[in-house]
Amino acid sequence: MAGSALPPVGVFALQGDVREHVAVLRELGADVREVRTPDQLADVGGLVIPGGESSVMDKLSRLFGLREPLRARIAAGMPVYGTCAGMIMLSDRVLDAIDGQLTLGGLDVTVRRNAFGNQLDSFETDLSIPALGDPPVHAVFIRAPVVVDAGADVVVLSALDDGRIVAVEQGRLLATAFHPEVAGETRFHERFLAHVAAAENAAS
Ligand code: GLN
C-alpha cells in the first residue's frame with residue numbers, strides 16, 4: 001500500500017525498539033529513516049515512536065533538542081503512531097510518571113504508566129478491533145500503559161474485556177498500549193502510512 005509517492009517516514013530512534021518498527025515499515029514498502037535530530041525530523045512526513053521507556057525518551061528528546069520541533073510538527077498535523085512508551089509520549093496527561101517527566105502531548109487522553117502492575121508485567125491476548133477487520137490482533141503488552149480517560153475527539157479503537165482502553169486514534173495520531181511490531185502484525189503501521197499519504201495529499 002505504501003507507494004513511491006509517500007514521503008520518507010521516521011522512527012524516533014533515541015531509545016526503544018527502533019529496529020522492529022523500521023523492519024515492519026520497510027516490509028510495507030516505506031522509505032524509513034531513523035530520527036535523532038531536528039534535521040532528520042524535518043525530512044520525514046510521519047513518525048513512529050516505539051516502545052521503550054518514556055521517561056528516558058523524554059529526557060533524551062530534550063537533550064537532543066527534539067522536543068520542541070516534535071511538538072511543533074505534532075501541532076501542525078504530522079501523522080504519528082506511538083506504541084506503549086510512544087503512546088505515553090503522545091498523551092496530554094500521564095499518571096504515575098516519574099518526577100519532572102514531560103510528554104509531547106497531542107492526544108487528549110490520560111494514560112497510566114505500568115498500569116498492569118508487577119504481577120502482570122507482560123502478557124499477550126487477542127483483541128478484536130473492528131476498525132482493522134479480521135482476524136483479531138495478537139497484542140503483546142510489556143509493562144504497558146492504559147488510557148484511563150479520553151476526550152470527546154478521541155476514537156477508541158480497542159479496549160480489554162474489563163473496559164480498559166488500549167488503542168486510540170485522534171485525527172492523524174494513532175496509539176496502542178501494546179506492541180504489534182513484535183507480533184508480525186502490520187495493520188497499525190499500514191494505518192499510519194495511510195495517514196501519512198492523506199497528510200501528503202492534503203498538503204499538495
Ligand atoms: N513502562 C514503560 C514506560 O513507562 C513503557 C513500556 C513499553 O514501552 N514497553 O515508558
Side-chain angles (χ1 to χ4, degrees), residues 9-25 32 34-36 46-64 66-67 70-71 74 79-127 129 137-150 157-160 162 164-170 173-189 191-192:
V9 294
V11 178
F12 174 97
L14 293 175
Q15 201 269 332
D17 71 326
V18 177
R19 260 186 311 179
E20 288 78 358
H21 285 283
V22 169
V24 174
L25 291 166
V32 190
E34 295 189 2
V35 171
R36 297 185 183 81
L47 187 72
V48 170
I49 308 181
E53 175 48 54
S54 57
S55 60
V56 177
M57 289 181 181
D58 167 41
K59 279 188 190 138
L60 292 178
S61 61
R62 287 193 253 171
L63 201 64
F64 282 70
L66 257 188
R67 175 180 167 78
L70 263 174
R71 283 169 57 82
I74 292 170
V80 186
Y81 171 34
T83 59
C84 203
M87 171 188 250
I88 297 169
M89 293 298 285
L90 282 178
S91 300
D92 282 346
R93 298 167 295 278
V94 53
L95 304 177
D96 294 339
I98 68 162
D99 266 2
Q101 179 176 353
L102 301 177
T103 67
L104 298 166
L107 276 179
D108 182 14
V109 300
T110 305
V111 287
R112 181 181 298 284
R113 290 178 67 227
N114 304 327
F116 298 94
N118 293 329
Q119 313 237 311
L120 198 58
D121 239 14
S122 304
F123 65 99
E124 303 183 18
T125 189
D126 288 326
L127 297 172
I129 302 188
V137 167
H138 187 67
V140 179
F141 290 81
I142 306 167
R143 300 185 60 234
V146 292
V147 174
V148 297
D149 184 48
L157 298 178
S158 181
L160 298 173
D162 63 10
R164 289 193 282 183
I165 298 168
V166 292
V168 292
E169 190 167 55
Q170 182 179 359
L173 302 179
L174 176 64
T176 58
F178 49 87
H179 292 266
E181 76 283 3
V182 301
E185 169 61 60
T186 61
R187 286 171 287 174
F188 285 99
H189 294 78
R191 198 171 175 90
F192 160 71

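As the structure is a prediction and not an experimental result, all values here were calculated from the model. The figures here come from the full heavy-atom set of this structure, side chains too, leaving out hydrogens, waters and symmetry mates. Each ligand, and each atom within it, is numbered from 1 in the order the structure gives.
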Can you confirm, on distance only, whether ligand 1 has an N/O atom lying under 3.5 Å from any N/O atom belonging to [X]?
X      : answer
Cys84  : no
Gly51  : no
Arg143 : yes

Atom CZ of Arg19 with >12 non-hydrogen neighbours under 6.0 angstrom: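 Open.
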Heavy atoms of other groups near Asp162 CG, more than 12 under 6.0 Å: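 Buried by this count: over 12 neighbours within 6.0 Å.
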Which residue and heavy atom of the protein sit nearest atom 2 (C) of ligand 1, plus the separation: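 Result: Gly52 O, 3.5 Å.
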Nearest neighbour in protein (non-hydrogen) for atom 1 (N) of ligand 1: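 Sorting protein heavy atoms by distance from atom 1 (N) of ligand 1 puts Asn114 OD1, 2.6 Å first.
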Working for side chain to side chain donor-acceptor pair (under 3.5 Å), residues His21 and Thr83: CA-CA 10 Å; His21 285 283; Thr83 59; 3.2 Å; yes
Check each atom of ligand 1 against the heavy atoms of [X] and keep those under 4.0 Å away; list them by number with element.
X      : result
Ser54  : 3 (C), 4 (O), 10 (O)
Ile88  : 3 (C), 4 (O), 10 (O)
Arg113 : 3 (C), 4 (O)
Ile142 : 6 (C), 7 (C), 9 (N)

is_close_aromatic(Phe64, Phe12), centroid dist under 6.0 Å: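 Centroid separation for Phe64 and Phe12: 6.0 Å or greater.
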Close approach, His179 and ligand 1, non-hydrogen under 4.0 angstrom: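 Checking ligand 1 against His179, which is what was asked, there is a heavy-atom contact under 4.0 Å.
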Residue portion contacting ligand 1 (non-hydrogen atoms closer than 4.0 Å) for Thr83: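 Near ligand 1, Thr83 shows nothing, with every heavy atom at 4.0 Å or more.
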Glu53 and ligand 1 - part of the residue with a heavy-atom distance under 4.0 Å: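 The answer is both.
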N/O donor-acceptor pair under 3.5 Å between Arg113 side chain and Asp96 backbone: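 Between the backbone of Asp96 and the side chain of Arg113 there is a qualifying donor-acceptor contact (under 3.5 Å).
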Main-chain N/O of Phe178 paired to Thr176 side chain as donor or acceptor, under 3.5 Å: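 Side chain of Thr176 to backbone of Phe178, a donor-acceptor pair under 3.5 Å: yes, one is there.
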Nearest non-hydrogen partners of Glu34 and Ala13, listed with the distance: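 Where Glu34 meets Ala13 most closely, the heavy atoms are CB-CB, 3.7 Å.
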side-chain contact (heavy atoms from CB on, under 4.5 Å) partner of Val147, the single match among Val166, Val111, Thr110: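 In the set Val166, Val111, Thr110, the residue that makes a side-chain contact (heavy atoms from CB on, under 4.5 Å) with Val147 is Val111.
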